[in-house]
Amino acid sequence: LCNKDRHWRVCGECVESVRRVCGECTVRRVCAECTQGVWRVYCAQGVWRVCAGCVESVRRVCGECTVRRVCGECTVRRVCGECVQGVWRVYGARALRSLPNMSVSRLARGCSRLFLLELEARAEPLCFILSCERSASTRADAEAVRRAFGSARLFSLLVDGGGRVQRARSHAELMKALHAQLPPECIFSPLTSFLPGVKDSLIRGFLLRDESTSSSTERLLSDFRQSHSVSVFSYEREQDGDGQFWWCQEMFRSPATEPESGQSQRFYVKPTTAPEHHPAMLNMINSDVFYRLEDAYQVLQECKNVIPESMAVLEIVDQQLEACKQNEGFPVIVLEGLDATGKTTLTESLQKALAATLLKSPPQCLAPYRQHFDSEPPLIRRAFYALGNYITAAQIQRESSQRPVIVDRYWHSTAAYAIATAVSGPVEKLPALGSEIYEWPSDLLRPNLVLLLTVSPQERLRRLQHRGLGQTEEETQLEVNHLFRQKVDEAYKRIQNPACVVVDASPSPDQVLQQVLHLIRIKCHL
Ligand SMILES: Nc1ncnc2c1ncn2[C@@H]1O[C@H](COP(=O)(O)OP(=O)(O)OP(=O)(O)O)[C@@H](O)[C@H]1O
Ligand SMILES: Cc1cn([C@H]2C[C@H](O)[C@@H](COP(=O)(O)O)O2)c(=O)[nH]c1=O
């Protein structure tokens with residue numbers, strides 16, 4: 001969100017497509033309906049739209065960028081942010097035209113993209129920028145790049161074409177294809193590219209380190225470029241007079257089919273300090289966590305042509321939904337916790353003890369679709385779970401006018417699992433306590449009490465083995481990945497309004513029930 005001057009602009013054509021613009025916050029999407037009103041810059045690493053007034057500036061972008069679409073409605077838009085030479089910000093067509101060349105290029109150099117390469121979950125990632133020159137670098141910096149890149153052939157792939165649904169699916173398909181098709185000597189690691197502090201600027205991809213000398217990798221890369229809307233880059237190693245190695249990036253060219261043209265620009269890899277916050281935070285709102293029904297709804301609408309099940313889910317949402325923000329009936333108590341902490345056992349006993357209605361999220365009516373959405377990339381899977389909460393909210397609204405309601409998982413699970421999946425690395429990389437990421441959606445019914453069941457990792461594992469059911473992707477992750485477990489647990493505890501009350505669920509089922517009944521009596525006056 002724009003934290004600066006809260007300046008908003010609305011396209012005259014479509015009032016719904018309000019976007020945020022200010023000197024600090026730039027615009028990424030105009031609106032789906034408003035393609036008439038913009039220019040698009042197709043750049044080496046992304047697609048950007050530019051206002052019709054900025055023709056002059058567009059020509060000045062990098063050699064790789066071209067302008068394809070023209071019309072004359074929109075006013076201020078961001079110019080090429082993806083040009084590896086840097087970002088140009090335009091606060092008005094006239095202002096840009098009057099900018100002298102010198103200041104444009106100074107602006108450009110100051111605002112480049114950062115790249116974050118995550119070689120191992122526990123290790124510090126390598127963060128670098130691309131620079132036109134070999135600028136001075138410390139021995140430690142040079143060593144960090146050498147360790148990460150080694151002596152293998154290097155390629156990077158960034159998924160930057162198409163809309164967000166297509167990008168999310170292309171990224172997932174690309175990962176599967178890399179796993180299945182790359183030769184064993186070729187390993188790949190997650191690479192993200194982003195503009196520090198600029199929301200929605202994250203582009204995901206991979207860095208490939210190929211120890212083989214076979215040309216099959218190049219053939220595959222050419223195919224991926226065609227079939228997965230990815231930009232592909234190759235890296236070359238140079239040694240300077242002092243014996244120091246430098247890596248240069250340029251657009252990938254398949255030696256077999258694309259003759260050397262001498263046109264491609266080369267950029268040096270230069271290590272830099274990693275940002276304080278994990279870059280996944282830049283894209284988290286409306287990609288991993290949804291704070292309004294309409295935002296999650298919109299994602300499934302965009303999926304209609306590629307995922308027929310989306311239509312069925314949206315129909316259920318339409319049928320079930322009522323405006324429900326405040327719960328004014330009997331108390332609503334949500335039970336949260338990692339898998340196998342005892343939620344189902346406890347919710348069933350609470351149902352009996354309180355003569356309550358028992359609900360869950362995602363609700364039963366979405367059960368036939370859950371497996372399908374669990375196999376989709378995070379953008380789509382998370383939108384599905386978010387919609388599940390709104391359906392559960394409508395059910396809570398109806399039931400709580402009659403009797404107390406117990407809910408097995410709700411918003412805390414949706415947000416905590418999404419945040420923990422999006423943020424790679426250790427728990428310290430999570431958004432800080434108090435971040436807007438942990439806020440409750442303004443249009444989602446709030447429960448009266450949220451209880452977070454906790455047990456030791458050993459006890460949880462024992463209960464999991466004892467239970468022996470099928471597993472979702474998240475459950476498998478929880479079992480094998482200690483870091484993921486810690487992050488889900490911590491994210492649960494950081495969510496606010498309502499925050500959860502932590503309950504030690506390690507005693508016997510009856511002792512846990514008595515403890516929880518006591519809490520409910522105090523907090524909900526039941
Ligand atoms: N207090 C307890 N002491 C010992 N075992 C328990 C206790 N509560 C539940 N269990 C056992 O642990 C296993 C997991 O419990 P349960 O299915 O209730 O967890 P859950 O949190 O609902 O899991 P999930 O979120 O994966 O559905 C079951 O076999 C259950 O019998
Ligand atoms: C509600 C919800 C669940 N999940 C994931 C988290 C767990 O691993 C499984 C467990 O679901 P169960 O029905 O309790 O067995 O689903 C999620 O990722 N997001 C959610 O909103």
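In this text, all values refer to a predicted model and were calculated from it rather than measured experimentally. Counting starts at 1 for both ligands and their atoms, in listed order. Only heavy atoms go into these numbers, but all of them, side chains included; no hydrogens, no water, no symmetry mates.
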Going by atom types only, do Glu118 and Ser189 share a side-chain donor-acceptor pair under 3.5 Å?
-> no
Apply salt bridge (charged side-chain N to carboxylate O under 4.0 Å, His left out) to the pair Glu459 and Arg462, showing each step before the final yes or no.
-> CA-CA 5 Å; Glu459 173 61 9; Arg462 198 190 63 72; 3.0 Å; yes
Do any heavy atoms of Arg382 fall under 4.0 Å from ligand 2?
-> yes
Verify the distance criterion only: is there a donor paired with an acceptor across the side chains of Glu376 and His372 at less than 3.5 Å?
-> yes
Hey, is ligand 2 close enough to Arg409 that some N/O pair sits below 3.5 Å?
-> yes
Proximal atoms of ligand 1 relative to His466 (non-hydrogen, under 4.0 Å) | 29 (O)
Does any N or O atom in Thr341 lie less than 3.5 angstrom from one in ligand 1, N or O only?
-> yes
Is atom CD of Gln371 surrounded by more than 12 heavy atoms (other residues, nucleotides or ligands) closer than 6.0 Å?
-> no
Report the C-alpha separation of Arg403 and Glu399 in whole Å, then their side-chain angles, then the decisive distance to 0.1 Å, and conclude whether the salt bridge (charged side-chain N to carboxylate O under 4.0 Å, His left out) test is met.
-> CA-CA 6 Å; Arg403 54 189 73 83; Glu399 292 297 323; 3.2 Å; yes
May I ask you to decide if the ring planes of His412 and Trp440 are parallel, tilted or perpendicular, using 30° and 60° as cut-offs?
-> tilted
Classify the contact between Lys360 and ligand 2 as side chain, backbone, both or neither, using a heavy-atom distance cut-off of under 4.0 Å.
-> side chain
For Pro362, the ligand 2 atoms with a heavy-atom partner under 4.0 Å come out as 1 (C)
With a 4.0 Å heavy-atom cut-off (strictly under), which part of Arg370 contacts ligand 2: side chain, backbone, both or neither?
-> side chain
Considering the heavy atoms of Thr344, write down every atom of ligand 1 situated less than 4.0 Å from one of them.
-> 17 (O), 18 (O), 20 (P), 22 (O), 27 (O)
Ligand 1 N/O within reach of Ala340 N/O, cut-off under 3.5 Å = yes
Verify salt bridge (charged side-chain N to carboxylate O under 4.0 Å, His left out) between Arg164 and Glu302, making sure each step is shown before the conclusion.
-> CA-CA 9 Å; Arg164 60 180 173 167; Glu302 288 170 32; 2.9 Å; yes
Centroid separation Phe206 to His171 less than 6.0 Å | yes
One finds that the ligand 2 atoms under 4.0 Å from a non-hydrogen atom of Ser361 are 1 (C)
Any N or O of Thr414 that comes nearer than 3.5 Å to an N or O of ligand 2?
-> yes
Geometric N/O contact Asp408 with ligand 1, under 3.5 angstrom = no
Heavy-atom proximity to atom 19 (O) of ligand 1, best of Gly342, Ala505, Ser413 | Gly342
Polar contact flag for Leu346 and ligand 1 (N/O pairs, less than 3.5 Å) = no
Any side-chain donor paired with an acceptor under 3.5 Å for Asp443 and Tyr390?
-> yes
Given that the side chain starts at C-beta and the backbone is N, CA, C, O, which of these parts of Pro507 lies under 4.0 Å from ligand 1, counting heavy atoms, or is it both or neither?
-> backbone
Side chains of Ser508 and Asp510: donor-acceptor distance under 3.5 Å anywhere?
-> no
Just heavy atoms, cut-off under 4.0 Å: does Asp339 contact ligand 2 by side chain, backbone, both, or neither?
-> side chain
Tyr297 versus Asp318, side-chain donor and acceptor atoms under 3.5 Å = yes
May I ask you to identify, for Arg409, whether its side chain, its backbone, both or neither come under 4.0 Å of ligand 1 on a heavy-atom basis?
-> side chain
In terms of its nearest heavy atom to atom 5 (N) of ligand 1, the top option of Glu348, Lys360, Lys343, Arg463 is Arg463
Taking NZ, NE, NH1 and NH2 as the nitrogens, is one of them in Asp339 or Arg485 under 4.0 Å from a carboxylate oxygen of the other?
-> no
Does an N or O anywhere in Glu459 fall below 3.5 Å from an N or O of ligand 1?
-> no
